[in-house]
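Structure record follows, encoded as structure tokens.
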Amino acid sequence: GAVVSQHPSWVICKSGTSVKIECRSLDFQATTMFWYRQFPKQSLMLMATSNEGSKATYEQGVEKDKFLINHASLTLSTLTVTSAHPEDSSFYICSATPGLYEQYFGPGTRLTVT
Amino acid sequence: GNSVTQMEGPVTLSEEAFLTINCTYTATGYPSLFWYVQYPGEGLQLLLKATKADDKGSNKGFEATYRKETTSFHLEKGSVQVSDSAVYFCALSVYSNDYKLSFGAGTTVTVRA
């Protein structure tokens, strides 16, 4: 139980285009989903917290117009990187929680912007 | 604020050796404590957790005990295998911070046959 999927697992896009990443909780309803970014050999950096049906809460320093988050249902959240640039290349990981303190992580999406 | 300090790596061990990764924390409020493991190219998997003082989390031969008096949650395994090679993250969450996870920097462990 408690499986979270991400799609795609790997994406390459050209500079200036937008990319959408999906995060799904497969066997539970997620009251809250989180989006993280991870640089090589570094820890995870929380980007934003999203609750179903409401606007995402972004961490300080994260551009909300660049990283659009939509939490359309209790099992789906999407992260859209708009007008992507090479510096947006990273490993993006989502997590979901059915409530309380435990988070379940997706396998991650590697984004490369050329 | 909330923060986690983890033993810096990388750590290289031989198979069947004893592994310890130190983790200490500071928190406003009463935290829940976690160890996550990340295999190359993958997301994080919850390895074990503890939600109150003196709780011991255990899984796959790994153990960690929630020590409130020393604000620590050290990870141990008595006999590591090559398949334990991964990055290990210590983390905490607190109700007052909407259960957001605060991660340590991660410790890379390599086990050699």
Side-chain angles (χ1 to χ4, degrees), chain A residues 1-10 21-26 28 30-51 54 56-60 62 79 90-112, chain B residues 1-11 21 23 25 27 29-52 55 57 59 66 73 85-110:
Chain A
V3 178
V4 177
S5 70
Q6 274 184 250
H7 178 79
S9 56
W10 181 48
I21 302 169
E22 291 187 351
C23 176
R24 293 181 184 272
S25 56
L26 298 184
F28 66 97
T31 55
T32 304
M33 288 183 169
F34 302 87
W35 286 96
Y36 296 85
R37 185 172 180 177
Q38 186 180 31
F39 292 102
K41 300 187 186 301
Q42 293 189 25
S43 190
L44 279 72
M45 181 191 78
L46 179 64
M47 299 174 65
T49 304
S50 75
N51 294 292
S54 60
T57 303
Y58 290 81
E59 296 298 302
Q60 193 171 10
V62 177
L79 167 68
S90 193
F91 195 51
Y92 292 89
I93 303 175
C94 73
S95 72
T97 177
L100 297 181
Y101 51 78
E102 196 157 332
Q103 292 183 30
Y104 300 96
F105 285 80
T109 296
R110 185 159 304 284
L111 170 63
T112 302
Chain B
N2 302 318
S3 67
V4 176
T5 302
Q6 232 178 290
M7 182 175 101
E8 288 192 20
V11 175
I21 304 175
C23 171
Y25 67 88
Y30 203 118
S32 295
L33 303 174
F34 307 86
W35 277 100
Y36 285 89
V37 59
Q38 185 178 32
Y39 298 101
E42 299 183 11
L44 273 66
Q45 299 176 26
L46 178 64
L47 182 58
L48 52 84
K49 66 183 180 187
T51 58
K52 61 182 187 295
D55 267 1
N59 186 25
Y66 190 143
F73 192 54
S85 298
V87 181
Y88 293 82
F89 292 95
C90 186
L92 69 83
S93 71
V94 183
Y95 169 74
S96 59
N97 197 30
D98 295 329
Y99 293 112
K100 293 178 185 178
L101 282 169
S102 297
F103 285 94
T107 302
T108 300
V109 174
T110 302

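In what follows, chains are A, B, ... by sequence order, proteins preceding strands, each numbered from 1.
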### Task
Among B/Gly106, B/Ala105, B/Ala91, single out the residue with the greatest number of heavy-atom pairs under 4.5 Å to chain A.
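The candidate making the most pairs under 4.5 Å is B/Ala105.
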
### Query
More than 12 non-hydrogen atoms from neighbouring residues, nucleotides or ligands closer than 6.0 Å to CD on B/Glu8, yes or no?
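Open: at most 12 neighbouring heavy atoms sit under 6.0 Å from CD of B/Glu8.
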
### Task
Taking the side chain as every heavy atom from C-beta outward, state whether B/Leu101 and A/Tyr36 have any atom pair closer than 4.5 Å.
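Sidechains of A/Tyr36 and B/Leu101: in contact.
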
#### Entry: Sub-4.5 Å side-chain heavy-atom contact between B/Phe103 and A/Gln38
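Sidechains of A/Gln38 and B/Phe103: no contact.
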
### Message
If the condition is side-chain hydrogen bond (donor to acceptor under 3.5 Å, both in side chains), which residues does A/Lys41 pass it with, not counting sequence neighbours?
### Response
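Scan of A/Lys41 (side-chain hydrogen bond (donor to acceptor under 3.5 Å, both in side chains), adjacent residues dropped) gives none.
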
### Task
Name all residues meeting the side-chain hydrogen bond (donor to acceptor under 3.5 Å, both in side chains) criterion together with A/Ser43; count only those two or more places apart in sequence or in a different chain, and write none if there are none.
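Once residues adjacent in sequence are excluded, A/Ser43 has no partner under the side-chain hydrogen bond (donor to acceptor under 3.5 Å, both in side chains) criterion.
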
### Query
So how far is it from A/Glu102 CD to B/Ser93 OG, rounded to the nearest 0.5 Å?
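It is 9.0 Å, given to the nearest 0.5 Å.
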
#### Entry: Closest approach of B/Glu42 to A/Phe91 (non-hydrogen atoms, all atoms of both residues)
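That would be O-CE2, 3.6 Å.
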
### Message
Testing the basics here: between A/Glu59 and B/Lys100, what is the closest heavy-atom pair and its distance to 0.1 Å?
### Response
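So the two residues come closest at OE2-NZ, 2.8 Å.
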
### Top contributor to chain B interface from A/Leu44, A/Thr57, A/Ile93 [non-hydrogen pairs under 4.5 Å]
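Top option by heavy-atom pairs under 4.5 Å: A/Leu44.
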
### Task
Let me know if B/Leu44 has heavy atoms under 4.5 Å from chain A in its side chain, its backbone, both or neither.
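For B/Leu44, backbone and side chain are both near chain A.
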
### Query
Passes side chain to side chain contact (heavy atoms under 4.5 Å, CB included), B/Gln45 versus A/Phe105? Steps please.
CA-CA 7 Å; B/Gln45 299 176 26; A/Phe105 285 80; over 6 Å; no

